[in-house]
2 protein chains.
Amino acid sequence: MQDRNAQQPTQINIEASIVSGILSARIRPGTRLGESQLATLFDVSRTRIRESMMRLETRGIVTVSPRRGWFVVEPSAEESMKVYEARRIIEFGLLRNLSTVSEQDLEILARHLQEEKLAIAKGDRQRLTCLMGDFHIRIAEIAGNEIIVETLRDLTARTILISMLYQSDFHAQESHDGHCRIFEALQEGDFNAAAELAIRHLDEVETGLDLTHRPDPLSDLRNSLSLPPLSSEPKE
Amino acid sequence: MQDRNAQQPTQINIEASIVSGILSARIRPGTRLGESQLATLFDVSRTRIRESMMRLETRGIVTVSPRRGWFVVEPSAEESMKVYEARRIIEFGLLRNLSTVSEQDLEILARHLQEEKLAIAKGDRQRLTCLMGDFHIRIAEIAGNEIIVETLRDLTARTILISMLYQSDFHAQESHDGHCRIFEALQEGDFNAAAELAIRHLDEVETGLDLTHRPDPLSDLRNSLSLPPLSSEPKE
DNA sequence: CGTGTCAGCTTTGTATGCAAGATAGAAATG
DNA sequence: CATTTCTATCTTGCATACAAAGCTGACACG
């Protein structure tokens with residue numbers, strides 16, 4: 001995020017900084033992204049920050065509240081389900097339409113899984129979050145379709161925000177196992193199975209969330225009339 | 001498209017105007033979209049036009065050539081194949097993940113097919129182009145996932161641009177038949193078959209293109225030398 | 001006749017300025 | 001003491017201004 005020394009941080013850099021901040025779970029959902037704040041941080045004028053924000057808005061990463069500011073999205077339970085559904089749709093189609101996977105690609109995936117294992121062993125949760133998302137992007141990259149890669153990257157960013165909001169505990173091992181199963185299916189060239197496994201994996205992750213729990217019960221209170229607060233803060 | 005009388009055409013209106021212009025095949029690929037030109041057309045300042053352009057750029061609808069201007073994208077043969085591939089992936093996953101289709105939804109599709117038939121009978125090619133694209137969006141709407149709907153809408157816009165570039169003749173009847181077959185499969189609740197049919201349909205449409213034929217034989221040269229693309233007239 | 005150069009005109013890129021909305025905290029009032 | 005109102009301040013929304021770069025066409029020259 002510190003591109004301060006770069007002479008000309010282009011809009012793409014600014015966007016990438018924020019997205020990577022989210023992918024690595026350093027930026028929490030609901031974070032306020034003040035225009036002038038970012039402007040001084042990146043040492044550019046507000047204009048360019050605004051342009052980046054607009055781009056991120058169309059990518060579903062931030063929202064603007066009129067005259068109040070830009071915020072990293074806080075997906076509602078419904079939106080979260082839509083995100084997972086969209087991922088199931090795309091990843092299923094992706095794997096099913098695969099015809100071959102090169103040795104090289106399998107190598108990349110194998111190395112990735114190794115890294116996941118390492119992160120689990122070290123208990124590096126932040127790195128793990130990042131890796132878990134990256135696995136799916138890797139698969140999209142194997143398919144070689146940039147359009148799908150981009151779409152999936154943005155959905156993954158949202159997924160990470162969702163997990164920061166609703167994930168009670170992080171079944172890392174379970175997720176890792178899911179990835180391994182998909183890898184094995186790919187290794188055997190059984191793309192049908194891989195696709196089914198991907199759906200099952202995403203279902204597992206989704207059911208691991210507590211989508212009934214409101215992370216910010218006050219948002220209800222602000223909007224509608226009095227409603228009893230559910231429970232305590234979901235602080236890590 | 002004439003929001004001139006609307007007091008405050010919001011960015012979303014501006015974007016929608018251009019996208020709908022593309023979806024209805026009134027705006028050709030490579031059309032130059034001058035900032036000041038659009039600014040006077042919509043009666044807003046260049047700032048807001050620029051913001052809309054940035055948004056459209058992230059949606060893959062327009063590109064900017066530095067200091068030269070904004071242009072509606074002219075997908076290359078490779079990009080075109082990627083677009084069709086992405087559509088196959090998404091639409092396949094979409095149909096496969098469907099579990100039920102309500103009577104109401106079937107009704108909507110049936111009416112849509114009726115309209116297609118009418119347009120074929122009347123030989124209204126522009127309307128037909130629009131309808132052909134819309135069919136796929138309708139299906140996404142049935143699935144009820146806005147994320148997928150938006151993605152598919154943008155891909156459809158690009159598809160229409162592609163067909164304007166590479167389509168020699170418009171096998172409208174063939175496309176319509178493809179839609180009908182998908183509809184029948186949905187009617188019978190056979191989502192597996194519907195998904196396979198969708199892939200076949202998209203393949204047919206894609207092979208109906210002449211992706212080896214360069215509409216602008218100089219485009220290679222132009223791109224490699226970063227010359228301006230073929231600019232037809234801006235809107236009307 | 002072809003080619004290179006330069007002035008001016010046009011168009012985008014970026015910054016800045018100002019207005020309007022929103023928030024928070026103080027002050028006033030019951 | 002609680003509640004409301006008002007003002008000070010901050011933040012975004014939008015327009016405008018100016019700088020930088022590209023394009024055009026005239027003109028000079030080989």
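Numbers restart at 1 for each chain; the letters A, B, ... are given by sequence-line order, proteins then strands. Below, each value reflects all heavy atoms present in this structure, side chains not excepted, and no hydrogens, waters or symmetry copies.
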[N] [atom2] sits how many Å from [X] [atom1], rounded?
X: E51(A); N: dT12(C); atom1: CD; atom2: P; result: 13 Å
X: M54(A); N: dT14(C); atom1: CE; atom2: C1'; result: 15 Å
X: R67(B); N: dC9(C); atom1: CZ; atom2: C1'; result: 15 Å
X: I49(A); N: dT11(D); atom1: CD1; atom2: P; result: 14 Å
X: F71(A); N: dA22(C); atom1: CZ; atom2: P; result: 13 Å
X: E35(A); N: dG17(C); atom1: CD; atom2: C1'; result: 15 Å
X: M53(B); N: dG13(C); atom1: CE; atom2: P; result: 12 Å

Would you say the side chains of R87(A) and T159(A) form a donor-acceptor pair under 3.5 Å? yes
We want to know whether T58(A) and T58(B) form a side-chain donor-acceptor pair, criterion being a heavy-atom distance below 3.5 angstrom.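 Yes, side-chain donor-acceptor contact under 3.5 Å.
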For dG13(D), take OP1 and OP2 only and decide whether either is under 4.0 Å from a side-chain N or O of R50(A). yes
When you check the phosphate oxygens OP1 and OP2 of dC14(D), does a side-chain N or O of T47(B) lie under 4.0 Å from one of them?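 Result: no.
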To the side chain of R46(A), which of dT14(C), dG17(C), dT12(C) is closest? dG17(C)
When you get a sec, tell me which of dG13(C), dT12(D), dC14(D) is the closest nucleotide to the side chain of S45(B)? dC14(D)
Tabulate atom names and distances for all N/O pairs under 3.5 angstrom spanning the protein and nucleotides 5-10 of chain D.
none

Taking [X] for the side chain and [Y] for the main chain, is one N or O donor matched with an acceptor at less than 3.5 Å?
X: K82(B); Y: G144(A); value: yes
X: T40(B); Y: Q37(B); value: yes
X: S102(A); Y: D105(A); value: yes
X: S76(A); Y: E79(A); value: yes

Considering heavy-atom distances to DNA chain D, does P66(B) or P66(A) have its closest nucleotide positioned more toward the 5' end? P66(A)
Does the ring center of H112(A) lie less than 6.0 Å from the ring center of H179(A)?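 For H112(A) and H179(A), the ring centres are not under 6.0 Å apart.
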Tell me whether the side-chain N or O atoms of R68(B) pair up with the base of dG13(C) as donor and acceptor below 3.5 Å, since no angle test is needed here. no
